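What follows is a set of notes on a single structure, which appears directly below.
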Amino acid sequence: MASRAETASGVPPHRYTAALAGQIERRWQDHWEAAGTFAVANPGPDAPEPAGEKFYLLDMFPYPSGAGLHVGHPLGFIGTDVLGRFLRMTGRTVLHAMGFDAFGLPAEQYAVQTGTHPRATTEANIARYREQIRQLGLAHDEHRSVSTTDIDFYRWTQWIFLQIHGSWYDAEAARARPITELEEELAAGIRALPDGRDWATLSRPEQDRVLDDHRLAYLADAPVNWCPALGTVLSNEEVTAEGRSERGNFPVFRRNLRQWMMRITAYADRLAADLDGVDWPESVKTMQRNWIGRSQGAQVRFAVDRPDAERSGAAPSAQSIEVFTTRPDTLFGATYLVLAPEHPLVDALTPDAWPSPPTGEELDGRWTGGAATPAEAVAAYRRVVAQRSELERQEARDKTGVFTGAWATNPVNGEPLPVFVADYVLMGYGTGAIMAVPGQDQRDWDFATVFGLPIRRTVQPPAGFEGSGGQAYVGAGPAINSANDEVSLDGLEVDEAKATITTWLAGKGAGEAVVQYKLRDWLFSRQRYWGEPFPVAYAADGETDGGPSIPRALPDADLPVLLPDVEDYAPRTYAPDDAESAPESPLARAREWVRFSEDLPSDPERGFAEYVRETNTMPQWAGSCWYYLRYLDPHNAERFVDPGVERYWLGPRAPGDPGGVDLYVGGVEHAVLHLLYARFWHKVLFDLGHVSSSEPFRRLFNQGYVQAWAYTDARGVYVPAEEVVESADSATGFTWNGEPVRQEYGKMGKSLRNVVTPDEMCEIYGADTFRLYEMSTGPMEASRPWSTRDVVGSHRFLQRVWRLAVDEQTGELRVADVEPDRDTLTALHRAIDGVRTDLPAMHYNTAVAKLIELANHLTKAYPDGGTPRSVIEPLVLMLAPLCPHVAEELWSRLGHPHTLAYEPFPEADPALLVEDTAEYPIQVNGKVRSRITVPATAGQDEVRAAALADPKVVDLLGGAEPRKVIVVPGRLVNVVR
């Protein structure tokens with residue numbers, strides 16, 4: 001009903017206004033919910049297989065922030081909803097669900113500040129998101145909705161972790177296998193230990209440590225960003241370029257800490273190669289391949305000379321340094337080695353005192369950093385480097401480092417090479433050690449210049465290059481200065497030189513050809529409260545052989561391991577510069593929860609004993625790695641997903657098809673890590689026989705962003721965009737609180753203070769108008785501008801469609817059961833043909849344009865009402881995927897008792913798509929002078945005659961015969977005088 005204000009203001013009582021739209025939208029949302037309109041059943045013994053070809057449609061998991069949605073967030077959600085609605089109307093069985101990636105830092109930070117339990121905050125945020133999503137009329141199967149914080153959900157996250165922890169990667173079989181099978185092969189002698197020991201002679205803890213070294217989820221000392229003032233490890237994204245915490249601006253130190261890791265590197269080859277089988281944007285595939293970073297080269301071993309190694313207890317592995325290089329052809333040019341400061345060999349290599357150089361010269365003072373001993377020099381340098389971020393280390397122009405006191409031997413020429421530690425070498429690539437070839441690498445050249453180290457070229461630069469001075473030559477060319485008594489590379493081009501020296505190294509036992517990756521194993525620990533607890537425990541009294549306590553898997557019956565209530569959600573904090581402090585998670589203070597007694601099947605020799613729980617939690621990535629599987633079977637208490645259900649929705653369709661979600665839609669910002677981590681988890685589950693598809697996401701589509709104007713004041717601080725006014729008196733054209741501000745364009749978000757909420761748009765115009773505007777502003781894959789003032793255009797179009805069917809004064813139908821004229825039929829079927837092509841291709845903006853064109857035709861053709869029912873009903877059905885509420889309302893008023901959600905989508909009549917006439921532009925001496933319309937079937941002679949009979953052409957020819965007339969069928973006529 002129209003409000004009194006609308007009636008009094010002269011607005012017709014039955015006009016499609018925001019108020020009427022709101023009533024219609026709420027009514028249909030209630031109807032869809034009550035009727036379960038979009039619920040879809042799984043196949044099974046108690047349910048028939050769904051009719052129609054299945055289609056699994058998936059949106060990237062949103063995080064439910066307290067701020068709720070802004071108009072940029074629903075762009076992809078509306079886009080998938082339009083597609084899903086169209087597919088249902090064309091006979092497909094569509095699974096489309098929405099859930100929430102709800103663990104994570106924001107809720108925990110709020111808990112630290114307010115004392116509110118993160119679950120309370122998270123559930124309130126989810127409720128807010130659900131309200132906003134419902135308001136937009138998104139056709140989700142609500143019975144399938146999940147949240148990563150649901151206990152029934154993270155029980156299975158913990159179970160999947162145990163599957164990964166209980167597996168190892170068999171490189172020969174190229175797949176994961178249960179760790180019990182590795183143990184059986186070791187015990188039977190089928191597989192030998194790398195160090196040659198006999199499995200049967202090992203103690204049980206020793207055997208467990210061998211197995212732990214192979215597990216896909218394992219504990220290791222890993223370099224992390226430790227922030228004592230915040231009491232937590234930070235991700236690289238949370239550390240500024242200055243090496244300080246983004247939150248609070250505190251010092252951050254690089255330290256090795258005991259962390260859970262995922263052995264994703266075991267899958268590097270498959271993760272790269274299997275990209276060929278998925279239908280993803282090539283740009284995303286390239287990003288993933290670059291992140292994996294496959295490099296072919298050689299592993300080279302440099303023997304180390306450490307006179308006091310026995311006295312200091314250096315490990316045998318410290319007697320050589322392994323280096324990965326993609327340029328083994330430059331090995332003769334190596335003049336020193338560099339280890340990353342975090343490299344585990346540094347302590348073992350560092351002698352008690354500064355040695356005399358093997359060359360007989362005095363030790364260069366630049367190498368020692370002024371320290372009395374190598375250990376002091378290395379320790380001081382490590383303290384400095386610990387305060388630098390990886391980005392800062394990589395981009396630093398000034399080269400710094402310190403000599404370890406150790407010397408290595410170049411295997412190709414026997415030359416002694418000093419071993420340095422330097423911050424420009426990272427543990428994150430290769431072996432964390434490099435052979436420095438200053439003649440062929442600019443960073444090595446700069447370091448060698450600072451420390452007075454030799455520079456020797458091993459690749460011939462082109463003529464004139466030497467004149468540039470102070471530069472390494474990094475290009476290709478013949479090898480020079482690269483020969484010994486047994487092998488010569490001189491004169492060979494790069495590829496041949498690489499192959500020759502690699503073969504020679506292998507023959508000497510000094511190296512071999514290997515493949516390396518930039519991809520590092522996945523750091524999987526967080527020192528936080530609001531995350532999934534690890535389902536493992538450790539012996540409270542340590543292990544019997546004095547080694548570190550071995551993590552023991554909890555039995556499935558103990559799952560889920562629930563988060564305990566704690567009084568303080570903040571981790572223990574320290575003085576900002578206390579780099580040697582250690583993390584203490586909030587869970588560590590839950591003493592009664594941490595310590596428990598049990599008879600663990602994974603620790604049979606101990607029997608009933610006391611254990612302590614892991615007090616780190618899993619990262620937010622964990623739940624988002626597999627949520628799409630739980631949508632399939634969210635209420636299954638026996639399995640994370642029923643095999644038959646998974647096979648129906650995700651299974652391969654044909655040989656060579658990897659299977660997976662039929663369409664995954666989300667932002668390109670998740671192109672690498674989320675997709676890579678989810679693919680890794682899925683492949684482990686595939687190898688272990690838990691899923692039938694080898695890839696999680698068969699097809700990927702990246703939608704663009706919504707951009708909007710933002711404004712900064714004289715300080716460069718963003719001000720609320722909605723409070724900015726245009727001002728001709730301002731030098732910038734805009735003011736805020738009377739002061740001039742500068743206008744810029746950027747992605748809509750809280751940081752730029754240019755947010756517009758869907759709630760505002762729905763209140764002013766209605767949800768269908770908002771949906772239509774978002775879909776009409778540009779291609780789905782492109783970023784598009786937001787302009788609130790332009791939304792009214794979409795609203796006016798819906799008012800025009802409404803008037804075609806409903807009288808604004810009486811509310812009665814304006815539809816007639818009459819036959820449309822030929823022009824109207826042609827306009828209708830051209831629109832059907834175009835929209836039916838555009839919607840499945842997600843070309844929503846062009847589909848909207850075709851509907852507007854049809855509505856404009858009908859408005860002109862039937863100005864006094866009487867729109868043919870046979871035309872208005874197809875128009876309503878075509879509008880339904882884009883604007884479902886108003887379409888449902890019109891469909892109901894047109895006399896249909898049931899929802900149109902499953903009504904057949906209109907199909908075009910091919911006979912009505914054929915043009916009856918054709919228009920030809922007529923050029924006279926190359927310039928268009930007139931146009932003619934002839935029957936579409938006209939031959940060249942008829943077209944020629946019609947062109948010459950055109951009055952304008954007759955006038956231009958002045959009675960003379962043309963020299964030539966050229967007819968290009970279907971395109972133009974060219975008359976030459």
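A quick note: this is a predicted structure, and the numbers were derived from the prediction, not measured. When reading the values below, keep in mind they use all heavy atoms of this one structure, side chains included, and skip hydrogens, waters and symmetry mates. Along the sequence shown, residues are numbered consecutively beginning with 1.
Classification of E108 and R247 as a salt-bridged pair fails, no side-chain N sitting under 4.0 Å from a carboxylate O. Using a cut-off of 4.0 Å between Lys/Arg side-chain N and Asp/Glu carboxylate O, R771 and D81 are scored as salt-bridged. By the 4.0 Å N-to-carboxylate-O rule, D838 lies close enough to K850 to be salt-bridged with it.
Looking at heavy atoms from C-beta onward, Y844 lies in side-chain contact with M780 at the 4.5 angstrom threshold.
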Check against side chain to side chain contact (heavy atoms under 4.5 Å, CB included), W226 and V252 | CA-CA 6 Å; W226 167 236; V252 175; 6.0 Å; no
Step-by-step side chain to side chain contact (heavy atoms under 4.5 Å, CB included) determination, D59 to H140 | CA-CA 11 Å; D59 300 284; H140 297 140; 4.1 Å; yes
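For F734, the ring-ring contact (aromatic ring centres under 6.0 Å, His included) partners two or more places apart in sequence, or in a different chain, are Y711. Residues forming a ring-ring contact (aromatic ring centres under 6.0 Å, His included) with F100 (at least two apart in sequence, or on another chain): none.
If you check the side chains of E142 and S145, you find no donor sitting under 3.5 Å from an acceptor. Defined by atom type and a distance below 3.5 Å, a donor-acceptor pair is present between the side-chain atoms of Q288 and R679. The closest side-chain donor-acceptor pair between Y569 and Q113, if any, does not fall under 3.5 angstrom. A donor and an acceptor atom, one from each side chain of N856 and R800, are located under 3.5 Å apart.
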